[in-house]
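For reference, the structure discussed in these notes is given below.
Reminder, nothing fancy here: chain letters follow the sequence lines and each chain counts from 1.
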Number of protein chains: 2
Amino acid sequence: MFELYQLEQLLIVADCGTLSGAAEQLHLSQSALSRSMQRLEDEIQVPLFIRHKNKIELNENGWLAVDYAKRVMEQAHSMVSGIRDYDRKRHTIFVGSCAPAPLWEMIPALSSLYPDLTISSEIRDSQVLFQGLQDGVYHTIVLPYPVESPSIFCQKYEEEHLFFSLPPAHPLSGSKALSLKDLDGETMLLRAQLGFWNRVTDAKMPNTHFIVQEDAAFNELVKASALPSFTSDLVIQREGEAPNRVTIPIKDEEANVTYYCCCLMKSKALMRFLTQEAV
Amino acid sequence: MFELYQLEQLLIVADCGTLSGAAEQLHLSQSALSRSMQRLEDEIQVPLFIRHKNKIELNENGWLAVDYAKRVMEQAHSMVSGIRDYDRKRHTIFVGSCAPAPLWEMIPALSSLYPDLTISSEIRDSQVLFQGLQDGVYHTIVLPYPVESPSIFCQKYEEEHLFFSLPPAHPLSGSKALSLKDLDGETMLLRAQLGFWNRVTDAKMPNTHFIVQEDAAFNELVKASALPSFTSDLVIQREGEAPNRVTIPIKDEEANVTYYCCCLMKSKALMRFLTQEAV
DNA sequence: ATGCCTTACGTTATACGTAATTATT
DNA sequence: AATAATTACGTATAACGTAAGGCAT
């Protein structure tokens, strides 16, 4: 049987039109390539080239062979990528969360518990997460409500409480507590990728103009801006109090969420990280 | 990139379950196969085997690799057979005839005119031949009637006249000439693969019982039998008079046919054989 | 004790590079 | 003269076989 490297060479030869050009691309001598193509013809037992004295060109068989070779090489490459993907997935824990905060402790906890595995996380709507858990897209998900199902293991993870983060000069910065609607209509800064929190703000602050900023630049932007924004107990726990900002509790019950960590019952072992200390 | 020989080896290993068994099938030493599979893993950069101290087995990646490898090897094999088929067809003249007799001279004539080509012939119904000519299935066909079409080149080839071949003891063996219906109802010997002649006999001799015999054994059977059969001027020209048989002309006009040789106008050059002497 | 896999080491086969040859532009 | 392909010959590399070692049944 011929070998894949010969098919690769054939494709380059077809592309170049000359052996010498193809040989150069292949970092191979002209003569080596010439003989390699001869061996290919010998293997198939059919001429693939029309040989002139100082010119070689593909004949009809040759062009057909090129078509076949492309398909075989594609197959071979998709074999490599397919297996690599499969292996990667086998070594990855896929986590889906309705909000960013739970991931901050979960990912390190899972990493330290499964040091050989990769943790892949994404923030999605709760319904998408729930469906994805059942479809095997996620190994574990974090929802803002508990799930009751015999096939799903669900456990309370942590709470998060939303606060307004106001510049001291803001008219309401002296308040003890505020409602979401109290700031509705203003322009606010908002982190990107907030997950289900966006549902809350959209519902309760329909007239607010949100300037959405990626996580990385968000804190800088807040520091340099006089616009109100949000923070939460988990954010503060992670990043400390924002300098030059007043943190004011939000009275709405939507501002308080309890996260629940779920996985399929058969993967219950995964949840060991809940009972261990995070690193 | 890995090579096809490694995929072939992988398939045998998967089939055998052990390296030593596979190595034997592959006429290869155990150690060579062991290293070859290690190289395969190195190429894909993913483990394919679970290695115990004195046992090796495919892991999940490995089984997936086997699936892929099967497909790649199939592709490679179909590449070889596809190209060979294509090449063979490029070197074959496909001839279709409504009856066997015209082929007896045509095939040698074409062979001597195109010594590098293979001649493939078959006997089919006239409509099938006509369609096949237009579809490119046949390069040239022989019909029992002329064709008038601007895209088809058609030329008279030769005539054939049907005779009864009777044993001397047959009641009608003294006749000067007979009609097909004169023998209808008897049991007759008939060559297989007679093409359009079968239409004639079926139509005009509906009550006759035909014992059909392959060409090879037909003459022997006729010699040893007292049953009537057919012959023709072209058969006699080819094989000589049958011994101990009386040849009687058939009066029906269907017993006389003129063969026409047709090809697509664009392949008219093919028909040079018509103007040359047969070998 | 036998079977099975891996590793080390020396060998062989196969593909390679260099160079010479021929032919074309 | 320059470009391009093939062929001959010596070489290098990559796969191979043998043999040794470890481990399990």
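The separation between B:Gln6 atom CD and D:dA14 atom P is 13 Å, rounded to whole Å. Following rounding to the nearest Å, A:His52 (NE2) and D:dA4 (C1') show an atom-to-atom distance of 13 Å. Between the CD atom of B:Gln9 and the C1' atom of D:dA14 there is a distance of 14 Å, rounded to whole Å. Atom CG of A:Leu19 and atom C1' of C:dC16 are 15 Å apart (whole Å). Distance, B:Phe49 CZ to C:dC4 P: 16 Å, rounded to whole Å. Between the C1' atom of C:dT14 and the CD atom of B:Glu3 lies a distance of 13 Å, rounded to the nearest Å. If you take NZ of B:Lys55 and P of D:dA24, they are 12 Å apart, rounded to a whole angstrom.
When each of C:dC16, D:dA5, C:dT24 is scored by its nearest atom to the side-chain atoms of A:Asn54, the top-ranked nucleotide is C:dT24.
Residue-environment remark: CD (A:Glu24) stays at or below the threshold of 12 foreign heavy atoms within 6.0 Å.
The heavy-atom pair separating B:Val66 from B:Leu11 by the smallest distance is O-CD2, 3.6 Å.
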For residues 118-125 of chain B, which side-chain N or O atoms pair as donor and acceptor with protein atoms under 3.5 Å away, sequence neighbours left out?
from, atom 1, to, atom 2, distance (Å)
B:Glu122, OE2, B:Tyr138, OH, 2.5
B:Asp125, OD1, B:Arg199, NH2, 3.2
B:Asp125, OD2, B:Arg199, NH2, 2.3

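Within residues 24-46 of chain A, the residues having any heavy atom under 4.0 Å from DNA chain D are, by residue number, A:Gln30, A:Ser31, A:Ser34, A:Arg35, A:Gln38.
OP1 or OP2 of C:dC5 sits under 4.0 Å from a side-chain N or O of B:Ser20.
A:Asp87 has no carboxylate O lying under 4.0 Å from a charged side-chain N of A:Arg84, or vice versa, which leaves the two without a salt bridge. With respect to the salt-bridge test (charged N to carboxylate O, under 4.0 angstrom), the residues B:Glu239 and B:Arg191 qualify.
A donor-acceptor pair under 3.5 Å is formed between the side chain of B:Thr92 and the backbone N or O of B:Arg88.
Residue whose closest nucleotide on DNA chain C sits further toward the 5' end, between A:Tyr5 and A:Lys53: A:Tyr5.
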